[in-house]
**Q** 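The following block contains the structure, expressed as structure tokens.
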Protein chains: 2
Amino acid sequence: MKSNFNDKQIIILEVAETLFAEKGFDGTSIRNIAKEAKINIAMVSYYFGSKEKLLESLILYRTSDLKLQLDNLIIEDLEPIEKINKLIELYINRINCNKGIYRILHFEFTSKKGDSNLQAFSELKKGNLKSLESIIIEGQTKGIFRKDVIIPLITPTILGTFFHFHMNKSFFQNLLNLKTEDLYNNYIKTNLTLHIQQTIKALLIYES
Amino acid sequence: MKSNFNDKQIIILEVAETLFAEKGFDGTSIRNIAKEAKINIAMVSYYFGSKEKLLESLILYRTSDLKLQLDNLIIEDLEPIEKINKLIELYINRINCNKGIYRILHFEFTSKKGDSNLQAFSELKKGNLKSLESIIIEGQTKGIFRKDVIIPLITPTILGTFFHFHMNKSFFQNLLNLKTEDLYNNYIKTNLTLHIQQTIKALLIYES
DNA sequence: GTTTAAATTAAACAGTTGTTTAATTTTGCT
DNA sequence: AGCAAAATTAAACAACTGTTTAATTTAAAC
């Protein structure tokens, strides 16, 4: 598993990831990143060209192997509903582990005008959607899933539920009494994941 | 229906709303707002105190009557599932009409540190949750809704699905062939709303 | 050891940021 | 009319923004 980035670049990328997730893309300055990563402010431009291109590199760095994981999931010998459950788990786990890059990826990056890497990212999303679609069609032909669901709207429900929970972190930490970081993360891994799986299962199977 | 803000303040608030929704809070400068609203840049500080307090005022301005609408919905003579459907419609309609303030409200405002008005906003969210809870408990006691759903996680599913769709606007416009603004908004009002209603209904009624 | 390229630095660049000041104009009141 | 409060203005403030430059240090190759 070799990356196109050297050690120093990876440090910059990971520091940037943390700060972007904490304070947003606009809210993070190159000087913030440089200080945290203990490098000179010129190094970001030197290695990545610009702040925007740093963001593009970060997204590339974090999404390069997602497609591979999805492809492996599809060919596993599992019932469709089990595949869906695993896909949900996979998504949540990745998003949660990668600190907060997906927040930028799905929200902030969308509003940036640079059409360069945005196209590549759009392709990634289309690929993910195709993987989900193939699982659902498999379930439909087996007669397990209902056929009137709007497949492209399922991803928004999966990811949107998670994001909304995560974006209102402090609200839910207070509401659900999840004082420590561990309690909060554990709640995501168990209850929230279960809720999403339960929701999608009901949507796919329930007959009105 | 009188507001605490005068005409000039309302102009500023509504210009700010549009710009915040377009370019984000950090991405919008006071000079942007002043130019668009055709006022002097000092007027924002003069009327609202600071840029952050302008945001707080904006949220106050836009959420003050939401609770009232929810209270009216609860006492209507409808089946619980119909109330849920109406609640979903109400949410989506409000979010969609108020341009994009809810994006800031639910995402950007959360990451701001100012604990002042954040507390008030948290109370609003708790109130909304209580309204939803009362409807669901009503359905549970009537034996229509299942009893093992995690109620606080339903709002994330409703709002999260919508937000995720809306945040990836250009992606879905391309994917679903919604070239014009009208087509896009119509898709939200029909298909997306239906998808969310369908999802929540399945979640509340489906027995595994 | 010399040479060549890569890495790193401090400094300066030209803009933009939110906010404040002090002066001026407008408004409402008697 | 005169007066006082409110509204509006242009200008300045210091701090921060992303990026570039030119000089210096480090590393690798021969």
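Chain letters run A, B, ... following the sequence lines, proteins first and then strands; every chain starts at 1.
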**Q** Quick check: on DNA chain D, is the nucleotide nearest A:G49 upstream (toward 5') of the one nearest A:G27, or the reverse? Name the residue that is more 5'.
**A**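 Between the two, 5'-proximity favours A:G27.
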**Q** With a cut-off of less than 4.0 Å, is there a side-chain N or O of A:Y46 near OP1 or OP2 of C:dT8?
**A**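 Indeed not, no polar side-chain atom of A:Y46 lies that close.
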**Q** Should A:K8 be listed as having a side-chain N or O under 4.0 Å from OP1 or OP2 of C:dA6?
**A**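 No, A:K8 has no side-chain N/O under 4.0 Å of OP1/OP2 on C:dA6.
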**Q** Are any of B:S29's side-chain N or O atoms less than 4.0 Å away from OP1 or OP2 of C:dT16?
**A**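 Answer no for this pair, as no side-chain N or O of B:S29 is under 4.0 Å from OP1 or OP2.
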**Q** Could you check how far CD1 of A:I12 sits from P of C:dA7, rounded to whole Å?
**A** 11 Å
**Q** Taking atom P of D:dT8 as reference, at what distance in whole Å does atom CE of B:M43 sit?
**A** 4 Å
**Q** Quick one: B:N6 CG to D:dT8 P, roughly how many Å, whole number?
**A** 8 Å
**Q** So, does B:S50 get its side chain near the phosphate of C:dG18, meaning an N or O under 4.0 Å from OP1 or OP2?
**A** no
**Q** Atom NZ of A:K35 and atom P of C:dT9: how far apart are they, to the nearest Å?
**A**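 So the two atoms are 16 Å apart, to the nearest Å.
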**Q** What's B:S45 touching, base or sugar-phosphate or nothing? Going by heavy atoms closer than 4.0 Å.
**A**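 Contact class for B:S45: base.
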**Q** Under 4.0 Å between a side-chain N or O of B:N40 and OP1 or OP2 of D:dA7?
**A** no
**Q** Expressed as a whole number of angstroms, how long is the span from B:D26:CG to D:dC16:C1'?
**A** 13 Å
**Q** Parallel under 30°, tilted from 30 to 60°, perpendicular over 60°: which one fits the rings of A:F163 and B:H164?
**A** parallel
**Q** So which one's nearest nucleotide on DNA chain C is more toward 5', A:I39 or A:R31?
**A** A:I39
**Q** Among the nucleotides D:dT21, D:dT19, C:dT8, which one has an atom lying closest to any side-chain atom of A:I41?
**A** D:dT19
**Q** Check every strand shown and say whether B:F48 touches a base, only sugar-phosphate, or nothing at a heavy-atom separation below 4.0 Å.
**A** nothing
**Q** Rounded off to whole Å, could you give me the CD1-to-P distance for the B:I33 and C:dT16 pair?
**A**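 Rounded to the whole Å, the gap is 17 Å.
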**Q** Do A:F171 and A:F165 have their ring centres less than 6.0 Å from each other?
**A**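 No, they do not, as the ring centres are separated by 6.0 Å or more.
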**Q** Does A:K83 reach the main-chain N or O of A:D77 with its side chain, forming a donor-acceptor pair under 3.5 Å?
**A**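 The answer is no, because no donor-acceptor pair under 3.5 Å joins these two groups.
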**Q** How close or far is atom P of C:dT8 from atom CD of A:Q9, stated in whole angstroms?
**A**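 From A:Q9 CD to C:dT8 P: 10 Å.
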**Q** Taking CG from A:D7 and P from C:dA7, how many angstroms apart are they, rounded to a whole number?
**A**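 Value for this atom pair: 12 Å.
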**Q** Would you find a donor on one side and an acceptor on the other, under 3.5 Å apart, between the side chain of B:T199 and the backbone of A:L203?
**A**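 Not a single qualifying donor-acceptor pair exists.
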**Q** Within the 3.5 Å criterion, strictly below it, is a donor on A:H195 or B:T157 matched to an acceptor on the partner's side chain?
**A** yes
**Q** Choosing from D:dT21, D:dT19, C:dT20, which nucleotide comes nearest the side chain of A:I30?
**A**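 The listed nucleotide nearest to A:I30's side chain is D:dT19.
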